[in-house]
There are 2 protein chains.
Amino acid sequence: MLSVDADRRRRPTLDTVAAAVGVSRATVSNAYNRPDQLSSSLRERILETARSLGYAGPDPVARSLATRSSAAVGFMLPQGLSGAFSDPALSIVLDGLASTVDGHDHSLVLMPGDSTGGPRPSIVARAQADVMVAYSLPDSAPAFDAVAARGLPLVVIDQPVLPGSARVEVQDFLGASLAASFLLDQGHSRFGVLTFALHPDGVSGPVSADRRSAVPFRVSRDRLGGYLDTLAKAGVKPDNVPVWEARGSDRELGRLGARWLLTRTPRPSALLCASDQLAFGCLQAARDLGLTVPSDVSVVGFDDVPEAAYSDPPLTTVRQPLADKGRRAGELALKLLAGGRPPRPTRLDVSLVQRASTAPRT
Amino acid sequence: MLSVDADRRRRPTLDTVAAAVGVSRATVSNAYNRPDQLSSSLRERILETARSLGYAGPDPVARSLATRSSAAVGFMLPQGLSGAFSDPALSIVLDGLASTVDGHDHSLVLMPGDSTGGPRPSIVARAQADVMVAYSLPDSAPAFDAVAARGLPLVVIDQPVLPGSARVEVQDFLGASLAASFLLDQGHSRFGVLTFALHPDGVSGPVSADRRSAVPFRVSRDRLGGYLDTLAKAGVKPDNVPVWEARGSDRELGRLGARWLLTRTPRPSALLCASDQLAFGCLQAARDLGLTVPSDVSVVGFDDVPEAAYSDPPLTTVRQPLADKGRRAGELALKLLAGGRPPRPTRLDVSLVQRASTAPRT
DNA sequence: CAGCATGACTGAAGCGCTTCAGTCATGCCA
DNA sequence: TGGCATGACTGAAGCGCTTCAGTCATGCTG
């Protein structure tokens, strides 16, 4: 402990190096940040001395203070990382984002959410980032106020418009509607819907009518709405469509919900899921119950994660360009950072990918 | 652009608030950080004024500079986030870590690696974190020097000891050896091994003898070594065991490698994989080739990710306590931050989980 | 050779905050 | 009433860096 403290206290600074070389602090700073401002021989000498003194370069924090920029983008998640990373869709988005900002020498600060459906405001208030990206937080999450209070630029992904923020999103409603139409065309008439969280309260279970109103997660709202509205237009009353809400989007929660859905009477001949993970759970549940997909029951997912092509059977699903979503968000973040105005929202396309988990109703 | 700049310039600071309330800057600071240092009525007044002025609390960067602590832990990855997050094992570790540090109001800064097998030194040098966690980087990655140069405390996961660093690791060699012994006991004698990267150069393919030496990734080294040494002790010469190196650890790369392994002559009756993801790829490859698991070929994985219980067939695999690994790393990081000395390495247990992807040789 | 552009380096003013040694009433005890 | 502990607040010294307006030789032009 003592020695750590001592280490800290002794760490050389710009001044140390400047004194050792016999130049001004500004010159040493220039040696690192503006090589064109000094002769290369002097620069070499400075760098060499720095090395021998154990000086690792300008302190990032002090640098950030002086430049008023921390070269980092904050990423706000609706839940803890556990839930987050078990969702491959998020991983892909995050990767797209990370590679974009990393390419511009910005780092990524992760801000996990809690039961309120987003990071705590105190976390946001203290995060060392100069632009924030929100990923599918509930509408009016407290985190948004915290971002606004700091006056940080904001990019939202899968989120309704917020004043002054840039936005990238996917046509979730349309995608869901494509899937529902497809199944209707295949002759199905008894449906079940499996959605992920409608509310951030961590509840799983059958969805009552009142829980279906004022859904704060836009994605859930649109996918569920896209399914139910399309069915309703075709004459399938929402009241006759059992809906299960899973508190997260993973395979096991999907299995649980699907078990419930597949034991309703009459049994649905088609299951519409809000994500591929949930759909994988359905495949499992069907197996558990001795049902065959797709002859006994058709299943569609949403996202088209890579695994959807390899499941057994391969999944019919709604494709959205996940990596693009992340990349685009990264570009927007960098643009806002550079002082750009938020452009009009980027809307990404969806399409239905037909594989083997669906079949015409026999 | 103008307005953003103006916004920036106008943002209130502690001084603005202090002046507005008519107290000293120190008192405003105390209102936020040491409520016991002033009367609660004054504190209320300060907070109220701050709110009305649009002051969001002390600037995190300035605060970090003054306190010489950025309340963040850096996480260094061997690859880009894409590869990283497609690996559920990493996600789980990261979640354990994140929830631990988040509970102590520390944030998480991600530092993705590149083709050198770790984050670029420049990234490390500029990262605003006061402790670093390295996850399975290659031995002597340049990132380590950068950490050392900054004098930051370091926690390594799955990594050989580095002077002054804390360490948590899993008994990979033992785990691999358990799996190999098990298959030997089951009567198998023709094996194939599927490993993830031995070197950070992004090469996939059959592994030659020279590539097998001086493997910089400890995990790869130990798992591969555990497999081959155990087989060798039982009389199965390493030269007779085909080994495929996948450049990453995902299902598709596994499938590719398994296709090669399963088309060797004689065909292996058992496949030993360095990860569950690779093993899932084997299951797929076997299906592709019209082989049945486990009657035609047995497959074992490594990690025991949740999905291993649900694959078809469920995977026999080596279990390691992934979440614990992350949590423990988080605790160590916090401990080092508090000035603690690195304790002796934490060694986590492994065990073999038998499921349905293995069978006695017929 | 005067005049001037150029290159190389410096001084000092911040960036916004924390912290610690004080200062100054106040109230209490003997 | 003197002495002193206590609570409330302040002044000023940093934290380590960037940046911009200079300063000062130096060499080039006409």
Side-chain angles (χ1 to χ4, degrees), chain A residues 5 7-46 49-50 53-71 125-128 130 150-152, chain B residues 5 7-46 49-50 53-71 125-128 130 150-152:
Chain A
D5 273 7
D7 279 2
R8 289 268 181 195
R9 235 165 267 304
R10 299 255 168 103
R11 293 213 73 70
T13 71
L14 267 194
D15 280 313
T16 322
V17 178
V21 179
V23 296
S24 78
R25 186 201 318 180
T27 301
V28 179
S29 173
N30 284 335
Y32 285 95
N33 303 311
R34 310 172 148 200
D36 56 309
Q37 296 292 299
L38 33 46
S39 66
S40 61
S41 63
L42 176 56
R43 174 159 192 262
E44 263 322 311
R45 201 147 55 86
I46 290 177
T49 308
L53 253 38
Y55 178 71
D59 178 272
V61 174
R63 182 194 169 83
S64 287
L65 180 60
T67 59
R68 297 188 249 1
S69 127
S70 48
R126 305 172 102 97
Q128 297 189 18
D130 26 43
R150 285 186 60 182
L152 292 180
Chain B
D5 273 8
D7 280 1
R8 289 266 181 200
R9 235 165 266 305
R10 299 256 167 102
R11 291 214 74 69
T13 72
L14 266 195
D15 280 313
T16 321
V17 178
V21 179
V23 295
S24 79
R25 189 201 317 181
T27 301
V28 179
S29 174
N30 285 335
Y32 285 95
N33 303 312
R34 311 171 146 200
D36 57 309
Q37 295 294 299
L38 32 48
S39 64
S40 60
S41 63
L42 176 55
R43 175 160 192 261
E44 262 322 311
R45 200 147 57 85
I46 291 176
T49 309
L53 253 40
Y55 178 70
D59 179 273
V61 174
R63 180 194 171 83
S64 287
L65 180 59
T67 59
R68 299 189 250 353
S69 129
S70 48
R126 305 172 101 99
Q128 298 188 17
D130 26 44
R150 284 186 59 179
L152 292 180

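In what follows, chains are A, B, ... by sequence order, proteins preceding strands, each numbered from 1. All figures in this text were calculated on a predicted structure; none of them were measured in a lab.
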Quick one: [X] [atom1] to [N] [atom2], roughly how many Å, whole number?
X	N	atom1	atom2	value
A:L65	D:dG16	CG	P	12 Å
B:D36	D:dA8	CG	P	9 Å
B:D130	D:dC15	CG	C1'	14 Å
B:R43	D:dG7	CZ	P	18 Å

List for me each residue that meets side chain to side chain contact (heavy atoms under 4.5 Å, CB included) alongside [X], sequence neighbours excluded, and say none if there are none.
X	answer
A:A62	A:D59, B:L65
A:A71	A:H106
B:A20	B:T49, B:L53

Do any pairs count as a salt bridge (Lys or Arg N to Asp or Glu O under 4.0 Å) and have a residue in residues 32-45 of chain B, sequence neighbours left out, and if so which ones?
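Of all non-adjacent pairs touching residues 32-45 of chain B, none passes salt bridge (Lys or Arg N to Asp or Glu O under 4.0 Å).
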With sequence neighbours excluded, give me every salt bridge (Lys or Arg N to Asp or Glu O under 4.0 Å) pair touching residues 18-32 of chain B.
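Listed once each, the pairs are B:D15-B:R25.
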Give a yes/no answer on whether the side chain of A:S39 brings an N or O atom under 4.0 Å of OP1 or OP2 in C:dG7.
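So the side chain of A:S39 is outside the cut-off, no N or O lying under 4.0 Å from OP1 or OP2 of C:dG7.
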What does A:V61 touch in the nucleic acid at a heavy-atom separation under 4.0 angstrom: a base, only the sugar-phosphate, or nothing?
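No contact.
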Any base atoms under 4.0 Å from B:L38, or only sugar-phosphate, or nothing? Heavy atoms, all strands.
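Sugar-phosphate only.
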How does each nucleotide of nucleotides 17-27 of chain C score, in 5' to 3' order, for protein heavy atoms under 4.0 Å: base (B), sugar-phosphate only (S), or none (-)?
BBB--------
For the helix from C:dC1-D:dG30 to C:dA30-D:dT1, measure the angle between the helix axis at one end and the axis at the other, each built from five pairs, rounding to 10°.
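Rounded value for the end-axis angle: 40°.
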Can you name the residues that form a side-chain hydrogen bond (donor to acceptor under 3.5 Å, both in side chains) with B:R63, not counting sequence neighbours?
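So B:R63 forms a side-chain hydrogen bond (donor to acceptor under 3.5 Å, both in side chains) with B:N33.
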Checking B:S24 now: which residues fulfil side-chain hydrogen bond (donor to acceptor under 3.5 Å, both in side chains) with it, not counting sequence neighbours?
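Expected list: B:T27.
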Could you check whether any side-chain N or O of B:S64 sits under 3.5 Å from a backbone N or O of B:S69, counting only pairs where one atom can act as donor and the other as acceptor?
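Pair found, side chain donor or acceptor close to backbone of B:S69.
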